[in-house]
Amino acid sequence: MDWIQLLIEQYALFCLIGVVVGILSGLLGIGGGIVLVPMLHAILVAKGFSADVAFHMALATSMACIVFTSLSSILAHHKNQNIVWPYVWAMVPMAFLGSLLATLVAIHLDAFYLTLFFATFTLFAAVQLFIDRKPTQHKVPGKIEISLVSLLIGMVSALVSIGGGSLTVPYLAMRNVSVKQAIGTSAVLGFPIALASTVSYLQDAIRQPAHVPDTFGLLYLPAIMLITPLSVLFAPAGVALTKRLPVKVLKRIFAVFLMGVSLHLLWSQLAG
């Protein structure tokens, strides 16, 4: 029957998305939201959800998947000594707070200008990474700077579901952290960001009196159940690639990725 074939194709697509997200998470230190959100949105619209509801569901479902994917990536990066823990302890509290606050008010905010700022920043960072411009001297950020940067990373990541890596990696690279360690450190930061957002979405779901089949609030359960295990399984494969690829190649891969992120965001905002 047609509906059975459609169901199988949809679930097969979720599995493929899980593989891609896992590899990108390990390779680039990102959560995978840039892949998850647009694809989940398209699938949910095809299933009959309105475009607006589908977007919020894609955002929430993406963050729930990233919680588990980032854990797998963290373990693999820690094994390869790619994590700068002093930066982690300094950045995690404010990133968590920023993500929590942004998720709580996201439905009331017009993220147009914030998204444009983020897209412009990522494009600038991509160019810097691509031309491999090195800082003239090592700068250790002060407590105020790192707190504000972490808060911004948490807020922007939660609002546009891109994952902390798109901001964290360029920031740490500008602070003379090696790109491999920046990616590993970014993977750790992605966990509290995704966790804070997911907790907020779960609280909202619990308050709702009824749920649509296959959903829990804004969470689309079939996507979480299929994407999560495969992304967890394939995240170490992405980490392994960071060991094999030369640093210059890795920087340019990330630069091209950032260009894609910024152009995607600009298109989605300006075309909408």
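No experiment lies behind these values; they were computed from the predicted model shown.
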Legend entry - Over all atoms of both residues, closest heavy-atom pair of S150 and A90: OG-O, 4.5 Å
Inset, instruction - Give, for atom CE of M91 and atom CD1 of I193, the distance between the pair rounded to the nearest 0.5 Å. - result: 8.0 Å
Legend entry - Validation row: N82, I183 side chains within 4.5 angstrom (heavy atoms): no
Inset, instruction - Starting at CD1 of I23, measure out to OG of S73 and round the result to the nearest 0.5 Å. - result: 12.0 Å
Legend entry - Non-hydrogen atoms of A64 and I224 that approach each other most closely: CB-CD1, 3.8 Å
Legend entry - Trace of the side chain to side chain contact (heavy atoms under 4.5 Å, CB included) decision for F234 with V20: CA-CA 8 Å; F234 279 87; V20 173; over 6 Å; no
Legend entry - Rounded distance (nearest 0.5 Å) linking atom OG1 of T228 with atom CG of L233: 12.5 Å
Inset, instruction - State yes or no: do V45 and Y11 share one hydrophobic cluster built from I, L, V, M, F, W and Y residues joined by side-chain heavy-atom distances below 4.5 Å, directly or via other members? - result: no
Legend entry - Pairing residues for F49 by the side chain to side chain contact (heavy atoms under 4.5 Å, CB included) criterion, not counting sequence neighbours: L44, K47, V53, A54, M57, V212, T215
Legend entry - Cluster overlap L75 with V239, hydrophobic side-chain contacts below 4.5 Å: no
Inset, instruction - Compare every heavy atom of S231 with every heavy atom of V21, then report the nearest pair and how far apart it is. - result: CG1-CB, 4.2 Å
Inset, instruction - Spell out, as yes or no, whether a donor-acceptor pair under 3.5 Å connects the side chain of S186 to the backbone of A182. - result: no
Inset, instruction - Please tell me if the side chains of W85 and V188 come closer than 4.5 Å, counting only heavy atoms from C-beta onward. - result: yes
Legend entry - ILVMFWY clustering at 4.5 Å (side-chain atoms), partners of L148: I144
Inset, instruction - Taking all non-hydrogen atoms of both residues into account, name the closest pair between L219 and A60 and its distance. - result: CD2-O, 3.5 Å
Legend entry - Q181 backbone acceptor or donor facing T185 side chain under 3.5 Å: yes
Inset, instruction - Please report the shortest heavy-atom distance between M63 and S197, naming the atom on each side. - result: CG-CB, 3.8 Å
Inset, instruction - To the nearest 0.5 Å, tell me how far F68 CZ sits from T198 OG1. - result: 8.0 Å
Inset, instruction - Determine yes or no for a side-chain-to-main-chain donor-acceptor pair under 3.5 angstrom, with S72 supplying the side chain and V232 the backbone. - result: yes
Legend entry - N80 side chain to A76 backbone, donor-acceptor under 3.5 Å: yes
Inset, instruction - Could you tell me the separation between the OG1 atom of T168 and the OH atom of Y87, rounded to the nearest 0.5 Å? - result: 12.0 Å
Inset, instruction - Sequence neighbours left out, what passes side chain to side chain contact (heavy atoms under 4.5 Å, CB included) with A223? Give chain and number order. - result: F14, L40, T61, Y220, I227
Legend entry - Validation row: Q81, K180 side chains within 4.5 angstrom (heavy atoms): no
Inset, instruction - Would you give the length of the straight line joining atom OG of S99 to atom CE of M94, rounded to the nearest 0.5 angstrom? - result: 12.5 Å
Inset, instruction - Apply the test side chain to side chain contact (heavy atoms under 4.5 Å, CB included) to residues V92 and L189: give CA-CA distance (whole Å), side-chain angles for both, the deciding distance (0.1 Å), then the verdict. - result: CA-CA 6 Å; V92 160; L189 204 63; 3.8 Å; yes
